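Reading through the structure tokens given below for one structure.
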Amino acid sequence: MRSPIPDYLTQALADVGADTSGAPAGYIPELAAADPELLAAVFATVDGEVYGAGDLDVSFTIQSISKPFAHALALADRGFDAVLDKVGVEPSGEAFNEISLEVGSGRPLNPMINAGAITTHWLTGSEEMDSSERVERVVSGLSAFAGHRLEVDESVCASEMEHAHRNLAIGHMLRSHEILTEDPTAVVEGYIRQCAVLVSARDLALMAATLANGGVNPRTGERVVSERVVRQVLSVMSTCGMYDAAGDWATQVGIPAKSGVAGGLIGALPGQIGIATFSPRLDPHGNSVRGVSLFERFSSDMGLHLMEVPPAARAVVRSNHVVGTGPDAVRVFQLQGGIRFAGAERVVREAVDTAPAETTVALDLTRVSSIDDVARRMLLEIARRLTLDGHDVYLVDPESILPDPDPGDGGRVIVVGELDGPGDPAGQGG
Ligand code: GLN
């Protein structure tokens with residue numbers, strides 16, 4: 001059987017292909033000359049499967065899509081305090097190249113507009129680095145997100161530098177507010193090299209998938225940045241990634257995203273997939289026209305909107321019953337599925353409401369697929385309180401879904417592989 005996913009992508013490209021509105025970025029000849037008909041869409045799953053259609057291996061410059069990744073590198077290299085001290089996280093509602101800083105502090109509002117991105121570039125690597133070492137840090141960092149070495153397009157870079165008056169103005173303004181404390185020309189040059197890194201839609205999808213996968217590249221297995229950094233970056237992407245169209249995007253598409261003026265667009269859906277599209281014609285915000293249409297379509301066709309409320313999780317308490325009789329009776333709470341806060345609350349409620357009369361109580365985790373940290377603490381607290389109430393608490397956990405179960409403070413659990421005969425949960429010798 002052939003996978004239906006590439007066919008779906010091919011159909012989606014055919015459907016948006018008729019839209020020829022917008023125009024490629026015109027501020028430098030290299031971007032203005034882009035073939036406006038190029039079109040690609042790629043999905044990369046968090047386990048590294050790539051599905052694509054169209055021109056998925058054509059190279060173009062990453063431009064502003066580098067911004068969230070550089071932000072991630074700065075957070076990883078310098079820490080949150082040092083970065084937040086210089087660049088805020090508030091949506092500006094302004095165009096990407098607005099010459100604006102926060103009143104009072106002089107900080108750029110966020111790392112997605114140019115003022116913030118120029119500062120962010122400067123915050124990557126270590127303070128001692130010179131500008132070429134910093135560029136190398138950024139290019140190698142972007143490469144780690146993509147999973148292979150990326151190169152810089154020298155002609156785009158040179159041309160951007162010749163037309164960089166606005167970015168240089170922003171750089172000088174940052175210098176005058178002492179946000180930058182060194183020659184702004186070198187920093188702006190470094191930022192422009194960062195924007196001129198060549199990628200394909202395939203690369204971008206894998207970069208987005210690395211974010212969706214909590215910072216680990218799903219192909220190479222390399223941890224590029226920590227989960228905490230990814231959470232920060234995806235949050236900023238969702239509030240600021242689409243500039244002055246961020247609110248429209250958040251409601252219509254609902255996927256943390258970032259666009260670039262060469263026509264690329266990425267979205268990262270935590271725990272699911274990285275998506276990339278490529279089509280050079282831009283709307284007045286500087287976002288790819290067909291890219292935006294494709295994302296709107298993907299979001300609605302596949303229910304990818306982050307705020308879409310999932311169907312209430314299947315009851316976490318699969319059954320609550322007693323096996324055995326008399327003094328051998330065991331109260332069994334059989335749990336199932338993935339347990340997070342709301343699921344654990346159901347278990348707490350079940351245990352409280354039941355107030356088991358049986359001395360032995362078993363929490364059966366055989367059908368549980370995952371337990372997050374808060375759910376783990378809540379289940380262990382149930383075990384502790386049951387112990388204090390005089391119960392013997394068994395944890396039926398054949399796959400160690402809840403390893404090292406120590407309820408602490410007077411609590412005690414006995415781990416067994418299966419609930420054996422009626423009234424004999426410890427029948428395995430556990
Ligand atoms: N190099 C471009 C600039 O700084 C990137 C802007 C973008 O992609 N939105 O103006």
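First listed ligand is number 1; within each ligand, the first listed atom is number 1. Remember, it's a predicted structure, so these values are computed and weren't measured experimentally.
Here the closest non-hydrogen pair linking A257 and M242 is CB-SD, 4.2 Å. Closest non-hydrogen pair, I170 versus N97, comes out as CD1-O, 3.8 Å.
Taking every non-hydrogen atom of Y27 and a distance limit under 4.0 Å, the qualifying atoms of ligand 1 come out as 1 (N), 2 (C). Set against the non-hydrogen atoms of C195, the atoms of ligand 1 under 4.0 Å away are 1 (N). Proximity to G260 (heavy-atom distance under 4.0 Å) selects the following atoms of ligand 1: 8 (O).
Nearest protein neighbour of atom 8 (O) of ligand 1, counting heavy atoms only, is S64 OG, 2.7 Å. For atom 5 (C) of ligand 1, the closest non-hydrogen atom of the protein is Q63 OE1, 3.3 Å. Atom 10 (O) of ligand 1 has N114 ND2, 3.3 Å as its closest protein atom, hydrogens excluded (heavy atom only). For atom 4 (O) of ligand 1, the closest non-hydrogen atom of the protein is Y191 OH, 2.7 Å.
Neither the backbone nor the side chain of I65 has a heavy atom within less than 4.0 Å of ligand 1. Here E160 has side-chain heavy atoms under 4.0 Å from ligand 1, and that is the only part of it that gets that close. Contact annotation: for V261 versus ligand 1, heavy atoms closer than 4.0 Å belong to both the backbone and the side chain.
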> Checking side-chain hydrogen bond (donor to acceptor under 3.5 Å, both in side chains) for the pair Q63/E160: CA distance, chi angles, key distance, verdict?
Replying inline: CA-CA 11 Å; Q63 299 293 350; E160 291 253 9; 2.9 Å; yes

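The shortest separation from a heavy atom of G286 to ligand 1 is not under 4.0 Å, leaving the residue out of contact. No heavy atom of N97 sits closer than 4.0 Å to any atom of ligand 1.
For the residue pair S126 and D77, no side-chain donor N or O sits within less than 3.5 Å of a side-chain acceptor on the partner. Using modelled atom types and a 3.5 Å distance limit, the side chains of N213 and T210 yield no donor-acceptor pair.
Between F278 and F60, the two ring planes are parallel [angle under 30°; tilted spans 30° to 60°].
With a 4.5 Å cut-off on side-chain heavy atoms, V135 and H121 count as touching.
Taking the six-membered ring wherever Trp is involved, the centroid distance between the rings of F145 and F69 falls below 6.0 Å.
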